[in-house]
Number of protein chains: 2
Amino acid sequence: MAKEYSVVNWLPHISVDCVIFGFHENQLKVLLLKFKNTDVWSVSGGFVKSDEDMDQAASRVLFERTGLKDIYLEQFYTFGDVKRNQGAIQQHAQIQEKIGESGVDTSFLSDRYISIGYYALVDFSKVKVNLDQMSDVFSWNDIYDIPTMFLDHRAIIDKALERLRWSLDQKLLAFNLLAETFTMSELQQVYETILGKKLVRTNFQRKILSMDILVRLEKRYLGGAHKAPYLYRFDVKKAKVYLSQVEY
Amino acid sequence: MAKEYSVVNWLPHISVDCVIFGFHENQLKVLLLKFKNTDVWSVSGGFVKSDEDMDQAASRVLFERTGLKDIYLEQFYTFGDVKRNQGAIQQHAQIQEKIGESGVDTSFLSDRYISIGYYALVDFSKVKVNLDQMSDVFSWNDIYDIPTMFLDHRAIIDKALERLRWSLDQKLLAFNLLAETFTMSELQQVYETILGKKLVRTNFQRKILSMDILVRLEKRYLGGAHKAPYLYRFDVKKAKVYLSQVEY
DNA sequence: CCAAAAGTGTTGCAACTACACCCATGG
DNA sequence: CCATGGGTGTAGTTGCAACACTTTTGG
């Protein structure tokens, strides 16, 4: 009772899972957390406060994990099977035992949860990862190399990726994974790693430039013995014009 | 306590809203219910049992409302703003008062709910609508003529329609809105009403027939003073072959 | 000089659009 | 006969894929 004034009211049986994508070393990566003393990984999850929009809850989870605000977030699917955790009963027991040792209350792990899935696109270089209470390690995993995941988190990642591929061109999402300025070949590599296939440079360049959504800046000098590439910046206003012109 | 053995356990703060589409009089219709003694309409909603998958809950809601099973259902979005009901406080008060008169407990109307949105595609001629406790009238409304809706149900319908347009070709959904057999021009009208634009008959016909997903049956004789149209049946097996052949 | 970067040109394919036009047929 | 249904042909367009080729330039 003494602490009641500070008790946060969480909506029961509802969670938010946030698949965080980043681009690094020419590959698309997902941020994963490992439960303490186990080999089980998970995406970043959280709960929803009773006075909080779901989108806000997802933003909060993302902020807690990465320190970033104003990040691209998209809700993609809600996972609500009773047996989402089927085949993971042992996983539960193992995790509860291992984490329980550190004094964290893990009883919620065996409750039924309906989880609203979001994915986030972040500038890898800006992320400062904070672990949660139950995790001791984090990792940026290549999307084609996902380890054993908690519950149905593998399916959640797959569905997120499917939707990301989908929205990539429709919403010009690739730029959310890059720094402020980038070269054309970096952009092409983002496309290639997300779509999982090689693209022809000349055609890709033509396509992107014809959208008229980029501003070309000075060149990037790295001291290589060759011509320096141009840097580009994504122009939000131009992008809006472009997106509004695309028919539907 | 005497009734405790039969009490169903519902997940709190979670609801399922089901947008039911049908095709009638050459138009795409949505099934709406009107709250007793009010002018406020809603789509078909329900709650989720604690031992029930979300998809099952949606199927159950659909069955209760239409008497139909094994119907195409697709989850399309989850609505979770705290103020989903903003601007509808008066709506609440009005509805609670009006419906309260008939002895139905409506206290849940003012709770916060996270609603998982599904849409269903039904054969209009097979539906036998059952009202729920709170409604006294139902109506199949043209999608371009939606009345004042409960809470954010207008936004829910719009989002469902957007997704339906989207999945129409990808998943060959049009056939779910037609009877077992249908003519080519009926099919074309389904496409036209969903997409909201006229299509050129010859091109449409070529496109559909080239998919090789239909079986042509005998002609339909209605006694008109002109050539009778062919009837077609959708062939599920052929459709699967077609969909698996379409690249991505 | 030379390797990387940037850009142009062209060819061919596939899909779609818009029409013109023809044949079939029920009553 | 004739209104409706069913189908073919085709010309123009667009977008994209593939690839050859040229030009630029940092060090």
Side-chain angles (χ1 to χ4, degrees), chain A residues 26 165-166 168-170 172 174 178-179 181-192 194-234 242-243 245-248, chain B residues 26 165-166 168-170 172 174 178-179 181-192 194-235 242-248:
Chain A
N26 292 340
R165 287 198 175 114
W166 222 96
L168 185 60
D169 267 325
Q170 317 291 324
L172 301 177
L178 293 165
T181 63
F182 48 87
T183 66
M184 190 58 79
S185 74
E186 284 170 343
L187 180 60
Q188 185 175 342
Q189 278 154 2
V190 169
Y191 268 79
E192 287 179 346
I194 292 178
L195 299 178
K197 63 179 179 185
K198 287 281 168 199
L199 301 172
V200 176
R201 181 188 60 82
T202 52
N203 292 334
F204 178 78
Q205 202 128 347
R206 227 190 310 245
K207 169 184 159 179
I208 297 292
L209 291 177
S210 72
M211 290 178 181
D212 189 29
I213 53 170
L214 297 184
V215 179
R216 195 166 83 174
L217 309 169
E218 75 287 6
K219 296 175 184 176
R220 171 193 279 173
Y221 299 91
L222 291 175
H226 46 67
K227 184 178 175 182
Y230 287 107
L231 286 175
Y232 291 91
R233 187 166 43 71
F234 181 64
Y242 170 75
L243 286 176
Q245 281 169 352
V246 176
E247 85 301 328
Y248 239 124
Chain B
N26 293 341
R165 285 199 176 113
W166 224 97
L168 185 61
D169 267 324
Q170 318 291 323
L172 301 176
L178 291 165
T181 63
F182 48 87
T183 66
M184 191 57 79
S185 75
E186 284 170 343
L187 180 60
Q188 185 175 342
Q189 277 154 3
V190 169
Y191 268 80
E192 288 180 345
I194 291 178
L195 299 178
K197 63 179 179 187
K198 286 283 168 195
L199 301 173
V200 177
R201 180 187 60 85
T202 52
N203 292 336
F204 178 78
Q205 202 127 347
R206 227 190 311 246
K207 168 184 160 180
I208 297 291
L209 291 178
S210 73
M211 291 177 179
D212 188 29
I213 53 170
L214 297 184
V215 179
R216 195 166 81 174
L217 310 169
E218 74 287 4
K219 296 176 183 174
R220 173 193 278 173
Y221 298 91
L222 291 175
H226 45 68
K227 185 177 175 184
Y230 288 107
L231 286 175
Y232 290 92
R233 188 167 42 72
F234 181 64
D235 187 313
Y242 170 75
L243 286 177
S244 69
Q245 282 170 351
V246 177
E247 84 300 331
Y248 240 122

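Below, read A as the first sequence line, B as the second, and so on, with proteins coming before strands; counting in each chain starts at 1.
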Check your understanding: Picking from D:dG6, D:dT24, C:dG7, which would you name as closest to the side chain of B:Q205?
Key -> D:dG6

Exercise for review: Please evaluate the base of D:dG6 for a donor-acceptor partner in the side chain of B:R216 within a cut-off of under 3.5 Å?
Suggested key: no

Check your understanding: Which whole-number value in Å describes the distance from A:L217 CG to C:dA5 P?
Key -> 17 Å

Check your understanding: Atom NZ of A:K197 and atom C1' of D:dC16: how far apart are they, to the nearest Å?
Key -> 11 Å

Study note, to complete from the structure: Rounded to the nearest 0.5 angstrom, the CD-CG distance for B:Q189 and B:N26 is 3.5 Å

Check your understanding: Please give, in whole Å, the distance from D:dT8 P to B:M184 CE?
Key -> 12 Å

Please tabulate the protein-to-nucleotide N/O contacts below 3.5 Å involving nucleotides 9-11 of chain D, giving atom names and distances.
residue, atom, partner, partner atom, Å
D:dG9, N7, B:R206, NH1, 3.3
D:dG9, O6, B:R206, NH2, 2.7

Review point. Taking atom NZ of A:K207 and atom CG of A:D169, what is their separation to the nearest 0.5 Å?
Key: 3.5 Å

**Study point:** Shortest side-chain distance from A:V200, nucleotide among C:dA18, D:dT4, D:dA18
**Key:** D:dA18

Revision key, fill the gap. Here the gap from B:R165 atom CZ to B:I194 atom CD1, rounded to the nearest 0.5 Å, amounts to 8.5 Å

Point to revise | Sequence-distant partners of B:N203, side-chain contact (heavy atoms from CB on, under 4.5 Å), two or more places apart | key: B:V200, B:R206

Revision key, fill the gap. Whole-Å distance, A:Q245 CD to D:dT14 C1', equals 17 Å

Exercise for review: Give the C-alpha distance, both sets of side-chain angles, the deciding distance and a yes or no for side-chain contact (heavy atoms from CB on, under 4.5 Å) between B:D235 and B:L214.
Suggested key: CA-CA 5 Å; B:D235 187 313; B:L214 297 184; over 6 Å; no

Exercise for review: Identify which nucleotide among D:dC19, D:dT4, D:dG7 has an atom closest to any side-chain atom of B:R201, counting heavy atoms from C-beta outward.
Suggested key: D:dG7

Exercise for review: Taking side-chain contact (heavy atoms from CB on, under 4.5 Å) as the test, write out the residues that go with A:Q205, two or more places apart.
Suggested key: A:M184, A:R201, A:L209

Review point. So which nucleotide from C:dG7, D:dG5, C:dA5 ends up closest to the side chain of B:P229?
Key: D:dG5

**Study point:** Value in whole Å for how far the P atom of D:dG6 lies from OH of B:Y232
**Key:** 6 Å

Exercise for review: Take the protein atom CZ of A:F204 and the nucleotide atom P of D:dC19, then report the distance between them rounded to whole Å.
Suggested key: 19 Å

Revision key, fill the gap. Rounded to whole Å, the CG-P distance (A:L199 to D:dC16) equals 12 Å

Study note, to complete from the structure: Rounded to the nearest 0.5 Å, the CG atom of A:L172 sits from the CD1 atom of A:I208 at a distance of 8.0 Å

Exercise for review: Figure out the CG/P separation between A:L209 and C:dA5, and round it to whole Å.
Suggested key: 15 Å

